[in-house]
Amino acid sequence: MKIGIIGQGQAGLLLAIMLKKNIKDVDVTIIDKNQVTGRKLLATGNGRCNLANLKIKENSYNSKEVLKIVKDFDAKKQIEFYKSIGVMTRSINDLVYPFSLKAKDYVDYLFRYLKECKIKFINNETVKDYEINKDKVKLTTNKKVFVFDYLVFATGNESAPQLGGDASILSILKKHGYEIKDNKPGLCPIRTIEQTKNIENERWKAKVSLNIDKDKVYEEDGEVIFKKDGISGIAIFNCASLIARSKKFKKATITLDLMPEVSLSELESIFSDMNFVSKESFLYGVFTKPMAAYIQHISNVKNPFRYTQTEIKKLAKTVKELTFTYKDSYDFKECQVAIGGLELSNLNSDLFSKTEKYVGFAGELLNADGLCGGYNLMFAAASANKIAKYLIKK
Ligand SMILES: Cc1cc2nc3c(=O)[nH]c(=O)nc-3n(C[C@H](O)[C@H](O)[C@H](O)COP(=O)(O)OP(=O)(O)OC[C@H]3O[C@@H](n4cnc5c(N)ncnc54)[C@H](O)[C@@H]3O)c2cc1C
């Protein structure tokens, strides 16, 4: 059996290993337009490669169908699989990493493993189109034509184009009649209507709440990083994805509780007690100078030495409910996942096409996105597993 895989990322590399491990005499060719294998993988998890997450929640993924694919090959099964190919993992607070905590070690190992299995690596070749010819798939790259029994697209999506992110395959698939959901950037910083220039580069641990129209849809504790025109940080990345997943809404707001340790009334009383302690605003003893000045500005309070009780209440409310209105998201260059892609309704439960039965799909090119915390690499592995299981039965 001759199988062509397009994409040397997490989905393509793991699929190649799964096939080689389980199908005798299988002939696998793995093609990529990049010169470097696993270029995006190398950048994941800040170079540590967060492979999976031991906990899955309903909103970890964008749909029930995607959640099901991952549950069928969950973190525990993935850890076992990694062990079976010689990759040891370690878990830190539910996040699963390669044992060395280095993406490079992981990618190098997969590459060497596949070379030893005699997989054919073809690099610097871009897929231009394909056609089904009798029972074969004819693939055309910018350099030559290949013929396979099965072809699998594991070409990722538009996120991080500087690392090879590319949605050109989706345009080709559209021409083949597939339904594609338009891409939006996910897991990225957001721009806000409110000014943040004066607190650029400040970082603050906060409880982050996302409201879409009147509904509170998400809450997470995390570090918020202020940008010149908006906010960033893992909790904000997750909010950006949840906003991008939302179909129609009028307004999305992100509220930061800068002191989740105390209630609003406790904070009012703490601030009242501190109101006379110093000639400086007491806020300077609690926050960094830029943050304190920002809180005073937002609260619209005048005299920093002796606040009125109304001003104390305003300050406490700002600290507990510092609210930013979503303007737009940073672009694909700054994002970790694309929200959109090939609709799963085009595919059967083995992730093969309903119309072109020798063509399968895995990884981020599908309309499948996960929140931060290993969920996207975990989906890439789980979708590769579905494809492999189908081909192993052939
Ligand atoms: C900075 C950053 C950090 C991240 N960290 C994490 C993390 O720690 N944990 C996590 O779960 N997720 C993380 N993600 C998301 C995760 O990396 C991706 O979702 C995942 O790598 C997608 O894997 P894939 O195999 O589907 O696609 P990719 O890894 O993107 O691989 C697709 C490959 O296909 C090739 N290709 C595309 N089009 C063509 C074509 N026409 N012809 C030939 N080749 C083509 C591309 O060059 C690419 O090499 C991160 C993303 C970024 C950008």
Side-chain angles (χ1 to χ4, degrees), residues 4-16 29-53 56 60-62 66 70 75 78 92 95-98 101-103 106-107 110 121-130 139-143 146 151-173 185-188 234 237 241 330 332-339 341-342 351 361-384 387:
I5 300 172
I6 317 303
Q8 296 172 5
Q10 169 83 340
L13 294 171
L14 293 187
L15 173 61
T29 304
I30 182 161
I31 301 172
D32 203 296
K33 67 181 174 55
N34 277 345
Q35 189 174 346
V36 178
T37 296
R39 190 159 164 218
K40 190 178 276 183
L41 255 183
L42 290 165
T44 56
N46 271 333
R48 287 164 33 132
C49 190
N50 180 190
L51 289 169
N53 197 307
I56 308 180
S60 302
Y61 290 100
N62 61 317
V66 173
V70 178
Q78 296 201 11
I92 305 173
L95 307 182
V96 181
Y97 295 92
L101 295 175
K102 288 197 180 70
Y106 172 68
V107 174
L110 297 188
F121 276 84
I122 296 181
N123 288 78
N124 299 313
E125 280 203 44
T126 304
V127 169
K128 293 295 180 193
D129 206 351
Y130 69 97
L139 177 81
T140 310
T141 70
N142 58 332
K143 294 188 183 157
F146 297 83
L151 178 67
V152 179
F153 287 103
T155 43
N157 209 330
E158 214 167 339
S159 54
Q162 70 282 15
L163 300 172
D166 186 335
S168 58
I169 291 296
L170 292 176
S171 314
I172 295 171
L173 294 174
L187 300 183
C188 59
I234 288 174
F237 281 16
S241 278
Y330 274 46
F332 286 105
K333 216 173 154 204
E334 314 281 341
C335 91
Q336 294 196 356
V337 76
I339 311 287
L342 176 65
L351 300 184
F361 304 89
E364 199 187 314
L365 98 155
L366 294 168
N367 178 16
D369 76 87
L371 296 185
C372 276
Y375 295 108
N376 288 300
L377 291 178
M378 187 152 85
F379 175 74
S383 53
I387 301 265

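Order of appearance sets the numbers: ligands from 1, and atoms from 1 within every ligand.
The ligand atoms of ligand 1 that sit less than 4.0 angstrom from a heavy atom of V127 are 40 (C), 41 (N), 42 (N), 43 (C). Close approach of ligand 1 to Q10 is summarised as follows: ligand atoms under 4.0 Å from at least one heavy atom of the residue are 25 (O). Near A160, the atoms of ligand 1 lying under 4.0 angstrom from a non-hydrogen atom of the residue are 53 (C). Interface atoms of ligand 1 facing S168, defined by a heavy-atom separation under 4.0 Å, are 41 (N). Counting the atoms of ligand 1 from 1 in the order shown, those under 4.0 Å from a heavy atom of G363 are 26 (O). For ligand 1, the atoms closer than 4.0 angstrom to any heavy atom of N376 are 11 (O), 12 (N), 15 (C), 19 (O).
Closest non-hydrogen pair, G164 versus N34, comes out as CA-ND2, 4.0 Å.
Contact annotation: for A154 versus ligand 1, heavy atoms closer than 4.0 Å belong to the backbone alone. If you look at L41 next to ligand 1, there are no close heavy atoms at all, none under 4.0 Å. Residue contacts with ligand 1, taken as heavy atom pairs separated by less than 4.0 Å, do not involve L51 at all. For E364, heavy-atom contacts with ligand 1 shorter than 4.0 Å involve the backbone as well as the side chain. Neither the backbone nor the side chain of F379 has any atom closer than 4.0 Å to an atom of ligand 1 (non-hydrogen atoms only).
Using a 4.0 angstrom heavy-atom cutoff, R39 does not count as in contact with ligand 1. Between E125 and ligand 1 there is a heavy-atom distance shorter than 4.0 Å. Close to ligand 1: G374, with a non-hydrogen atom less than 4.0 angstrom away.
Remark: the backbone N or O of G363 is not paired with any side-chain donor or acceptor of Q10 at under 3.5 angstrom. Under a 3.5 Å cut-off, the side chain of Q336 and the backbone N or O of C372 do not form any donor-acceptor pair. Using a distance-only test at 3.5 Å, with no hydrogens or angles considered, a donor-acceptor pair links the side chain of D166 to the main chain of S168. With S241 contributing its side chain and L187 its backbone, the two residues share a donor-acceptor pair below 3.5 Å. Side-chain atoms of N62 come within 3.5 Å of backbone N or O of N367 as a donor-acceptor pair. Judged by distance alone, the side chain of N142 and the main-chain N or O of E125 form no donor-acceptor pair under 3.5 Å.
With respect to E364, the side chain to side chain contact (heavy atoms under 4.5 Å, CB included) criterion is satisfied by exactly one of L377, N157, D369, L342: N157.
Side chains of N123 and Q8: a donor-acceptor N/O pair is present below 3.5 angstrom, by distance only. Judged by distance alone, the side chains of T155 and K33 never bring a donor and an acceptor atom under 3.5 Å apart.
For CD1 of I234, the number of neighbouring non-hydrogen atoms (other residues, nucleotides, ligands) closer than 6.0 Å is 12 at most.
No N or O atom of T44 sits closer than 3.5 Å to an N or O atom of ligand 1. Considering both main-chain and side-chain atoms, A43 never comes within under 3.5 Å of ligand 1 through any nitrogen or oxygen pair. Geometrically, ligand 1 and Q8 share no nitrogen or oxygen pair separated by less than 3.5 Å. Geometrically, ligand 1 and A11 share a nitrogen or oxygen pair separated by less than 3.5 Å. For a threshold of 3.5 Å applied to N or O pairs, the pair formed by G45 and ligand 1 contains at least one separation below that value. The shortest N or O to N or O distance between G7 and ligand 1 is not below 3.5 Å.
The closest heavy-atom contact to atom 41 (N) of ligand 1, among the options I169, N50, L377, comes from I169.
With sequence neighbours left out, the side-chain contact (heavy atoms from CB on, under 4.5 Å) criterion links L95 to N50, N53, Y97.
Ring geometry for Y61 against F379 counts as tilted: the plane angle lies between 30° and 60°, on a 0 to 90° scale.
In this structure, atom 31 (O) of ligand 1 lies nearest to the protein heavy atom G9 CA, 3.5 Å.
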